[in-house]
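Report on one structure; see the data block that follows.
Note that the structure is a prediction, hence the values are computed from the model and not measured. Just so you know, residue 1 is the first one in the sequence shown, and it goes up from there. Computed over heavy atoms, backbone and side chain alike; hydrogens, waters and symmetry mates excluded.
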Amino acid sequence: MKAAKKWLAGLMTLALLVCSLPAALAADWDSATEVKNYDELTAALKDEKVEEIKIVGEVTVPEGNLEANKPILVGKDGAFKLAPGAVVTSDVPQGKFNYEDQENTWIIVGDTMETFVLYAGDDGCYRVMYGTQPDDINALVKDTANGKVNTLCFSGKDVELTESFDGAVFDVRGGKSLTIAKDVSLKAGMYFNLEGNLVMNEGAKLELPENHDIDGTATFATEDQKPENLNADIEVKAAEKPAEPETPAEEVDSAEPAAPKFTDVAPTSPFAAAIDWAVAKEITLGKTETTFGPADPCTVSHILTFLWRANGKPGAEEGVADRDSAAKWAVEQKMITEDADLTATCTRSMAVTFMWQAAESPKVETEKTFTDVAADADYAAAVAWAVENEITAGTGDGTTFAPDNPCNRGQIVTFLYRSLAE
């Protein structure tokens with residue numbers, strides 16, 4: 001709570017300093033359209049007559065992307081939350097995306113999202129974006145060099161900073177830790193908060209503002225790395241020297257490498273078991289050695305390659321890339337045509353259709369229906385099969401399937417896991 005209040009104070013100060021538009025007052029919202037749930041919110045966003053929206057109930061955004069490009073207020077009795085895999089983008093001035101009850105609302109939202117980024121719009125006013133934490137957080141940090149980003153807040157995973165940061169606010173929440181890589185510098189001009197441990201490698205530099213807090217321990221490779229203004233109540237530890245190996249390297253038995261542990265997949269993630277299974281079955285090895293990219297959209301080529309590998313790599317040829325063999329197999333199975341766009345984003349309806357076709361298009365009967373899946377839709381049989389086999393139960397409250405929503409990598413392997421894991 002202490003850190004949350006400090007962050008709020010820093011954010012409010014930042015908004016006043018950098019944004020030419022004043023923060024919206026509660027009185028500005030008397031004429032706003034009130035919404036009580038997600039369906040009412042999406043309807044208001046599409047309604048051209050609605051200019052401003054006020055959330056007075058509990059709105060939970062389901063998996064997928066929602067563009068909320070209208071001024072939105074979360075009232076004192078309202079709540080705005082994101083389900084796992086949900087992304088909300090808002091391209092409105094920071095002063096016009098406001099909350100009547102700053103503290104309580106921010107705590108609710110902060111506990112249900114993975115990233116908060118404040119960035120400068122073309123008009124010089126800072127804008128706000130909520131969404132899932134990217135695989136490579138350092139891509140965001142790079143943007144601090146050209147002024148696109150000056151405030152970062154992370155809560156989805158431990159942060160390993162490999163790009164230097166020079167901005168106003170750096171905030172790591174949720175008990176997550178921060179490691180600053182060798183020769184990398186971090187300078188927070190207004191506020192620095194870390195709810196976990198700090199580890200600074202050799203040559204790393206840290207400049208702290210007066211308003212800073214570290215809830216865990218701070219470990220420095222050398223004594224001169226410790227900032228002079230570090231709060232006295234922060235526990236400081238010396239870096240431990242690596243122990244000498246008990247057995248010479250040449251005498252160590254060769255062992256099978258352990259399955260990758262991805263820094264962007266927490267053990268509590270709803271995708272964790274599926275990702276572990278997919279890696280063990282060599283269906284995918286992740287985007288890099290340390291990241292999986294669970295929130296990244298999946299292309300048609302990706303899911304076909306995953307399916308091809310899961311089905312034993314039929315027709316594999318030495319020297320031929322897996323994606324090419326998978327595409328050839330999919331054409332032979334009449335899942336796609338030869339001129340299909342393999343770079344297109346795979347939607348939820350496409351995902352279950354490909355899986356259904358790979359299972360030889362079995363006919364099933366199910367009483368479950370979705371309001372957004374017509375009985376005569378091309379993918380209706382595939383959706384019914386997926387429901388019957390407990391691959392999906394739909395989105396939101398279970399009344400919709402969201403057939404056109406993009407399927408991210410975490411969702412794709414979860415579908416495969418539910419379908420194929422023994």
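Atom CZ of residue F415 and atom CE of residue M355 lie 7.5 Å apart, to the nearest 0.5 angstrom. From Y379, atom OH reaches atom CE of M350 across 12.0 Å, with rounding to the nearest 0.5 Å. Taking NZ of K205 as the start and CD1 of I180 as the end, the distance is 12.5 Å to the nearest 0.5 Å.
Using modelled atom types, no side-chain atom of N211 and backbone atom of F192 make a donor-acceptor pair closer than 3.5 Å. With T345 contributing its side chain and T299 its backbone, the two residues share no donor-acceptor pair below 3.5 Å. At distances below 3.5 Å, at least one donor-acceptor pair connects side-chain atoms of N389 with backbone N or O atoms of W385. Within the 3.5 Å criterion, the main-chain N or O of P403 finds no donor-acceptor partner in the side chain of R348. A donor-acceptor contact shorter than 3.5 Å is absent between the side chain of D296 and the backbone of N408. The backbone N or O of D404 sits nowhere less than 3.5 Å from a side-chain atom of T347 that would complete a donor-acceptor pair. Using modelled atom types, one side-chain atom of D264 and one backbone atom of F292 make a donor-acceptor pair closer than 3.5 Å. Although no hydrogens or angles enter the test, the distance criterion places a donor-acceptor pair under 3.5 Å between the side chain of T414 and the main chain of G410. The backbone N or O of A402 lies less than 3.5 Å from a partner atom in the side chain of D372, making a donor-acceptor pair. Put simply, the side chain of N231 never gets that close to the backbone of I234: no donor and acceptor are under 3.5 Å apart.
A side chain to side chain contact (heavy atoms under 4.5 Å, CB included) with F262 is found for exactly one of T290, I275, D276, namely I275.
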